[in-house]
Amino acid sequence: MHSYLEAFDCRTALGDADATVAALLEGRVALRLLPVNTDSESERVPLAARGDIAVTTPPRWWDDLTEFLATAPDDDWGSPRKPVLLSSSNFGIDRLYAIGTGATPDAEANTWATAHGIARRLRRQFGWGPNLHIFSHACVSAHLATAAADTWLREGVADKALVVSFDYVGPFVSSGFHSLKILNSGMPAPYADRPTGSVGLGDGTAWAVLSNDPSQWRIEGSSHWNELHHFTANDPSGSGFEQVIAPLAPLLEGHGFWIKGHGTGTLDAGRLEAECLHRAFPGVPLVSWKGSIGHTLGSCALVELVLALRAHESGSIPGTTGSAAPVFAPNVATGNFDAAPARSILLLCNAFGGAHGALLVSHV
Amino acid sequence: MFERPVQSADACFPDTAGMPATDEIKAAVPRRHARRMSDLGRLVYWLFRNDPPEPEDAIVYATTFTEARALEAYLESLPHASPLAFQTSIHPGAVQQAMIALGRPVRTLLPLAGEEDLFTRMCLTGLTQQSGRVFLLTGEERGDRLLHHGLASATTWALCLRLGPGSGEGNKRAGTLRWERTSTARENDTATPPPSATEIARAVHRRTPLNLPTPMGGTVYLTWTP
């Protein structure tokens with residue numbers, strides 16, 4: 001039994017899925033150099049936000065998120081056979097930033113700070129039942145939620161699933177990435193072989209309905225791997241990149257496909273990813289769009305899955321925005337290319353701790 | 001029906017009667033790792049250390065507030081954010097720290113968040129995995145400043161259930177975890193909330209059988225071998 005992606009959409013700083021794909025095909029970059037935290041004198045770093053970044057109560061993104069989620073198909077979500085799988089890396093973590101910078105105790109305001117506080121509000125807003133599951137594993141969060149939905153559909157414990165993911169940029173997280181020195185004044189250029197690496201952070205949210213009823217996009221399989229070699233650095237052997245694609249490689253034999261990589265703009269991980277994929281799948285195009293929309297963190301796997309599907313349906317796949325030769329491997333596509341020879345898409349994501357996710361989808 | 005044998009069930013509430021002290025737990029962790037780990041990370045190491053997950057096992061990790069002290073350290077470092085505190089505060093830092101210290105990769109790590117039905121959701125997620133063994137791991141870290149804001153646990157604790165492969169018929173087992181899907185689904189929130197993960201951890205430590213209605217329909221049963 002397979003599961004299918006019945007309906008889906010996303011929002012980035014460039015707009016909905018169709019608008020974002022169109023902008024990516026034009027090579028537009030949403031990232032702007034903005035102060036890294038609430039101090040206007042702080043270093044300017046690349047951020048792609050939907051509006052001003054400010055720590056407010058309610059969060060500045062709440063209306064944007066709920067307006068977007070209202071576009072998902074209405075159903076008996078949260079009932080026993082129709083789970084909601086919610087994922088985020090940060091939820092409302094900027095409420096903690098407010099506390100850290102002097103906010104006084106406020107029980108009501110603090111409910112924005114936790115995953116369960118956000119989940120309760122979403123349930124109230126949309127009338128979802130209690131069958132709601134929250135996944136949070138940094139930048140592979142949305143991948144895990146999508147893979148879990150696929151598992152439950154295959155195992156027959158669900159008929160349909162609503163997968164929801166979001167992460168909005170705020171000073172808690174931007175300050176953290178800045179402290180790691182990977183968020184700096186440089187614009188990201190994924191897979192580009194250059195002296196200094198850099199990432200950009202972006203707002204992203206997406207929803208997808210998974211079902212056992214056949215539709216045009218089928219999930220062929222998913223895979224995970226956790227290197228657990230170091231908290232922020234990958235195993236320099238590249239083992240994690242190889243391990244995560246190994247279970248899916250047999251499914252790709254004889255298929256035309258292209259690869260949406262993780263590609264944040266950091267040097268070591270970008271090199272390992274590009275070189276591994278070139279060795280495993282020589283000649284298969286590899287792209288990343290984080291040089292335009294930024295890294296949407298916990299939501300990136302679902303946001304970029306939706307963009308990949310919409311791009312494929314449009315017939316043209318945007319190249320790796322923001323990057324130019326020299327690149328780490330010859331498979332890195334810096335220009336747009338034709339979707340037609342491909343029937344499948346391999347989608348990859350990574351996270352702290354050497355976490356890896358891979359999802360294979362096919363057009364049927 | 002989904003069922004797996006419970007190979008072992010270990011709960012730890014440090015510094016309480018019959019339990020190891022925090023210092024004892026810290027001393028068990030290799031020094032070069034211990035100093036960079038949170039209290040919860042060291043506690044997970046303690047629970048894993050004698051029989052850790054193999055690479056093709058799965059870990060399902062559930063926590064509501066995660067590592068409160070690490071979050072507090074990060075907040076205290078602002079506006080000059082501490083990279084170490086940032087790294088340590090990221091969900092699911094505790095289990096990652098422990099596995100790094102153990103030098104072990106693992107294919108499947110499914111970190112869950114939230115509060116309602118957290119233990120039950122962890123069981124459902126674990127029982128539907130195809131992996132050899134499944135480690136169900138849940139825990140919290142006592143907060144200080146964040147506790148005053150209602151954003152941290154009042155105690156540090158962790159619980160690990162090791163689930164064996166298949167139904168495990170004929171194998172030695174400490175108990176059984178079973179999900180029976182019936183028509184008596186808990187479709188709506190009940191007036192009486194299900195027990196918290198902390199309460200369940202204490203019940204597991206006492207080897208109390210558990211019947212937990214699930215939001216996916218039916219009931220999760222945790223029973224113990226006499």
Side-chain angles (χ1 to χ4, degrees), chain A residues 37 39 42 78-81 83 86 89 91 96-97 99-101 105-107 110 113-116 119-120 129-138 141 144 148 151-152 155 157-158 172 175-181 223-232 235 239-240 243 352-355, chain B residues 2 36 59 64-65 71-72 74-83 85-93 96-97 99-100 102-118 121 124-125 128-130 145-146 148-151 181 185-189 214-218:
Chain A
N37 57 37
D39 176 3
S42 58
S79 62
R81 300 285 304 177
L86 174 66
S89 177
F91 294 95
L96 290 190
Y97 184 89
I99 291 170
T101 51
D106 180 338
N110 288 348
T114 61
H116 54 275
R120 284 173 192 150
N131 191 10
L132 184 147
H133 306 260
I134 307 174
F135 293 79
S136 187
H137 190 351
S141 298
L144 296 182
T151 297
W152 290 344
E155 292 288 337
V157 301
F172 183 102
S175 297
F177 277 87
H178 187 247
S179 75
L180 297 172
K181 303 191 188 307
S223 171
H224 329 290
W225 183 258
N226 295 270
E227 297 173 14
L228 299 162
H229 166 78
H230 183 272
F231 216 84
T232 53
D235 178 347
S239 65
Q243 286 281 359
F352 286 130
Chain B
F2 293 82
R36 300 172 69 88
I59 303 170
T64 298
F65 293 112
L71 279 165
E72 290 168 353
Y74 178 68
L75 295 177
E76 285 158 13
S77 74
L78 296 172
H80 306 292
S82 158
F86 179 61
Q87 291 169 38
T88 314
S89 72
I90 294 168
H91 194 271
Q96 289 188 317
Q97 293 163 34
M99 293 295 281
I100 289 169
L102 288 160
R104 297 220 163 208
V106 68
R107 180 163 297 282
T108 304
L109 169 58
L110 298 168
L112 309 182
E115 190 169 49
E116 287 86 357
D117 298 310
L118 184 59
R121 289 190 284 112
L124 298 178
T125 304
T128 50
Q129 296 303 305
Q130 298 294 327
R145 183 182 180 187
L146 289 176
H148 296 305
H149 288 268
L151 295 172
R181 299 178 62 234
R186 188 170 73 75
E187 296 199 22
N188 297 303
D189 294 320
T214 89
M216 293 187 88

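- Residue with the most contacts toward chain A among B:Ser77, B:Gly114, B:Ala113: B:Ala113 (heavy-atom pairs, distance under 4.5 Å).
- Only the backbone of A:Glu227 has a heavy atom closer than 4.5 Å to any heavy atom of chain B.
- The minimum heavy-atom distance linking A:Ala355 with A:Asn226 is given by the pair CB-OD1, 3.4 Å.
- With chain B as the partner, the residue from A:Ala119, A:Ala158, A:Ala115, A:Ser136 showing the most heavy-atom pairs under 4.5 Å is A:Ser136.
- Only the side chain of B:Leu151 comes within less than 4.5 Å of a heavy atom in chain A; its backbone stays farther off.
- Ranked by non-hydrogen atom pairs under 4.5 Å with chain A, the options B:Leu118, B:Thr128, B:Thr108, B:Val106 are led by B:Val106.
- Interface residue B:Gln97: backbone and side-chain heavy atoms are both found under 4.5 Å from chain A.
- Closest approach of A:Phe135 to A:Ala148, counting heavy atoms only: CZ-CB, 3.5 Å.
- For the pair A:Ser179 and A:Gly176, the tightest heavy-atom approach, listed with the atom from each and the gap, is OG-O, 2.6 Å.
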How far apart are the C-alpha atoms of B:Glu116 and B:Arg121, what are their side-chain angles, what is the distance that settles it, and do they pass the salt bridge (charged side-chain N to carboxylate O under 4.0 Å, His left out) test?
CA-CA 9 Å; B:Glu116 287 86 357; B:Arg121 289 190 284 112; 6.0 Å; no
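- Within the 4.5 angstrom heavy-atom criterion, no atom of B:Leu102 approaches chain A.
- Neither the backbone nor the side chain of A:Ser239 comes within contact range of chain B; no heavy atoms are under 4.5 Å apart.
- The heavy-atom pair separating A:Asn131 from A:Pro80 by the smallest distance is ND2-O, 3.0 Å.
- Between chain A and the residues B:Leu75, B:Leu71, B:Thr64, B:Leu110, the largest count of heavy-atom pairs under 4.5 Å involves B:Leu75.
- With a threshold of 4.5 angstrom between heavy atoms, A:His229 approaches chain B through N, CA, C or O but not through any side-chain atom.
- Here the closest non-hydrogen pair linking A:Pro130 and B:Pro215 is O-CB, 3.5 Å.
- Interface residue A:Ser175: backbone and side-chain heavy atoms are both found under 4.5 Å from chain B.
- Only the backbone of A:Leu132 comes within contact range of chain B, with heavy atoms under 4.5 Å apart.
- B:Pro111 places a side-chain heavy atom less than 4.5 Å from the side chain of A:Leu144.
- Put simply, of B:Gln129, B:Met99, B:Gln96, the one with the most heavy-atom pairs under 4.5 Å next to chain A is B:Gln96.
- Proximity to chain A involves both the backbone and the side chain of B:Leu112, based on heavy atoms less than 4.5 angstrom apart.
- Within the 6.0 Å centre-distance limit, the rings of A:Phe177 and A:Phe352 are counted as a close aromatic pair.
- Considering every non-hydrogen atom in both A:Ile99 and B:Arg145, the closest pair reads O-NH2, 2.8 Å.
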